[in-house]
**Student:** 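Following this message is one structure expressed as structure tokens.
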Amino acid sequence: MPDTLAIKRISATPSAMIPLSSLRSSGPVYSKLVDISKCIGCKGCEVACKEWNDLKVEQTANFGSYQSHKDLSSNTWLLMRFNEVAVGDDDVDWLIKKDACLHCEDPGCLFACPAPGAIVQYQNGIVDFNQDQCIGCQYCVSGCPFDIPRFDKETKTVAKCNMCIDRVEAGLEPACVKTCPTNAIQWGLKEDMLALAEKKVETMQRRGFEHAALYNPGGVGGTHMMYVVPHGDRLEDYSLPAHPVASPMPLSGLNVLQRVGSYLLGFGVLGALGHLLAFGQESAEDSEGPGA
Amino acid sequence: MSPRLLPRFSFLERVVHWVVGVTFVVLLLTGLAFSYPSLFWLTMFVGGGPAARVLHPQVGALFGVGLLVMFLLWVKDMFLDALDKQWLGAVKHYAMHERDKVPPAGKYNAGQKMFFWLQSLLGVLFVVTGLLLWFPEYFGAGLLNTARLLHYVGALGGALLLIVHVYLGTVAYPGTARSMIDGKVTEAWARHHHPRWSGDRADG
């Protein structure tokens with residue numbers, strides 16, 4: 001079913017300034033669901049992402065891992081991280097994580113962005129960067145609790161996974177979902193994905209993964225890419241923050257301070273004017289001066 | 001008869017003052033644009049959002065250099081003496097224009113000296129946090145967010161200082177502003193505002 005891409009939030013834009021017509025909230029809300037236990041590490045999703053989004057190929061080098069790239073970049077929006085974690089003395093857990101934008105319900109990047117329109121959140125859950133409006137300050141990078149957006153030194157703008165918004169708009173699933181051969185990445189209405197995740201977690205727990213869990217962190221209002229992880233008690237081993245927050249302390253403090261600051265500046269100007277009215281000017285020519 | 005004039009600020013001092021002053025206003029306007037979405041339009045004065053992002057730190061570097069030169073030029077006159085400490089205790093009378101109850105000031109009164117130290121401190125804060133934010137690729141998110149907070153606190157303090165500075169230097173005390181234009185003040189102005197300094201000048 002095609003999506004009309006109704007808008008939910010726009011960076012540096014009060015919600016009152018978003019046209020009401022685009023604030024309709026009746027549309028579908030989507031989510032990806034990544035079942036890490038089903039991933040076979042083929043990296044087909046990485047290729048599909050590059051291909052569909054026409055992202056430049058980057059020279060890679062072997063650094064002793066099955067992982068393709070060392071890190072995300074402005075041209076690599078999806079990276080399967082192959083984390084090798086030692087278990088005891090002679091065993092290793094190979095924990096794979098699909099590293100890409102989680103499309104938070106409360107997006108820290110959008111809250112941190114000072115450029116109107118550079119980040120747009122749609123009612124369907126997608127958080128998209130609009131490079132035309134980006135000023136390159138990279139506040140979104142430090143505002144993201146998941147370390148996802150990447151700065152492009154050539155274009156001086158920031159880029160990340162856009163959930164293949166052009167496909168979603170046309171009623172298709174994102175490219176990584178389409179290409180995944182084991183259904184480790186699934187796509188659908190968020191409520192359906194939550195129900196599916198619940199079943200998956202149950203199955204895993206029955207099979208001995210007692211800490212199996214759904215990753216849909218509340219600190220960012222939930223995400224529109226959720227994970228089912230076999231070891232829910234070892235999120236850090238998957239490179240997943242245990243308690244991500246949309247606007248953590250320095251930023252939430254800054255928000256309050258900016259509000260207070262605007263009043264202080266106003267009172268400063270008014271105070272000077274008030275002082276002038278109360279006490280007038282002090283002209284040196286009128287007096288001989290006290291110290292003369 | 002035209003009043004007798006005393007030289008107060010050299011050409012170099014005036015140039016440095018205006019370099020710092022003009023760059024600070026540009027920094028304040030672009031910084032306000034980054035801090036308040038409703039003021040983002042201020043970026044148009046320097047050519048739009050991306051231009052503001054590029055220019056703000058570059059202008060900031062010039063501001064930092066100017067502030068450093070200013071510090072070196074003036075620091076020797078900025079240490080508080082005994083009368084300055086009394087002046088601070090009488091600041092209420094200073095504010096109420098009761099000049100006969102205020103201890104006489106030297107070349108700079110204690111308020112100006114405190115202003116100098118405060119602006120120097122803020123300058124260090126601006127440069128350190130500004131450098132982090134200029135090149136965010138090299139630093140972690142927690143550090144950068146803290147730098148944003150401190151940079152804003154500094155800017156708020158600087159903006160309040162600017163309001164006080166401009167108000168006192170122009171409308172509150174007529175005859176002051178010209179010291180930063182042609183560098184001179186009238187003898188009456190000097191005797192009224194800086195009696196100990198005018199005494200030195202008259203003797204010399």
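These values consider heavy atoms only, across backbone and side chains, with no hydrogens, waters or symmetry-generated copies. Within every chain, numbering begins at 1; the chains are lettered A, B, ... in the order of the sequence lines, protein sequences first and strands thereafter.
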**Student:** Count the heavy-atom pairs under 4.5 Å between each of A:Gly143, A:Ala278, A:Ala112 and chain B, then report the option with the highest count.
**Tutor:** A:Ala112
**Student:** Checking heavy atoms, do the side chain of B:Leu149, its backbone, both or neither come under 4.5 Å from chain A?
**Tutor:** both
**Student:** Tell me, out of B:Phe139, B:Tyr167, B:Phe34, who's got the most heavy-atom pairs with chain A below 4.5 Å.
**Tutor:**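 Looking at each option in turn, the highest pair count goes to B:Tyr167.
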**Student:** Measure distances from B:Ser35 to the heavy atoms of chain A and classify the residue's part below 4.5 Å as side chain, backbone, both or neither.
**Tutor:** both
**Student:** Less than 4.5 Å to any heavy atom of chain B: does that hold for the side chain of A:Lys153, its backbone, both, or neither?
**Tutor:**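 Interface part for A:Lys153: side chain.
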**Student:** Relative to each other, are the rings of B:Trp74 and B:Phe9 parallel, tilted or perpendicular (30° and 60° limits)?
**Tutor:** tilted
**Student:** Please lay out, stage by stage, how A:Thr76 and A:Lys50 fare under the test side chain to side chain donor-acceptor pair (under 3.5 Å).
**Tutor:** CA-CA 7 Å; A:Thr76 301; A:Lys50 286 251 178 195; 3.0 Å; yes
**Student:** Under a plain distance cut-off of 3.5 Å, with no hydrogens placed, do A:Ser73 and A:Glu58 share a side-chain donor-acceptor pair?
**Tutor:**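 The criterion, which ignores hydrogens and geometry beyond distance, is satisfied for A:Ser73 and A:Glu58.
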**Student:** Check A:Asp106 with A:Arg9, please: is the shortest side-chain N to carboxylate O separation under 4.0 Å?
**Tutor:**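 Looking at A:Asp106 together with A:Arg9, the answer is yes, because their closest N to O distance falls below 4.0 Å.
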**Student:** Would B:Tyr94 and B:Tyr173 count as a close aromatic pair, with their ring centres under 6.0 Å?
**Tutor:** yes
**Student:** Using a cut-off of under 4.5 Å for heavy-atom pairs, which of B:Thr146, B:Val171, B:Leu144 has the most such pairs with chain A?
**Tutor:**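 Option with the top pair count is B:Val171.
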**Student:** Tell me whether B:Trp18 contacts the main-chain N or O of B:Met180 through its side chain, where contact means a donor paired with an acceptor under 3.5 Å.
**Tutor:** yes
**Student:** Counting only heavy atoms closer than 4.5 Å, note whether A:Ser11 contacts chain B via side chain, backbone, both or neither.
**Tutor:** neither
**Student:** Where does B:Leu32 contact chain A at under 4.5 Å (heavy atoms): side chain, backbone, both or neither?
**Tutor:**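 For B:Leu32, the contact with chain A is made by the side chain alone.
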**Student:** Using non-hydrogen atoms and a 4.5 Å limit, figure out which bit of A:Phe151 sits close to chain B: side chain, backbone, both or neither.
**Tutor:**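 Contact with chain B is through the side chain of A:Phe151 alone.
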**Student:** Evaluate the ring planes of B:Phe71 and B:Trp117, with Trp represented by its six-membered ring, and classify them as parallel (under 30°), tilted (30 to 60°) or perpendicular (over 60°).
**Tutor:**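 Perpendicular: the ring planes of B:Phe71 and B:Trp117 meet at over 60°.
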**Student:** Can you tell which part of A:Cys134 gets under 4.5 Å to a heavy atom of chain B, answering side chain, backbone, both or neither?
**Tutor:** backbone
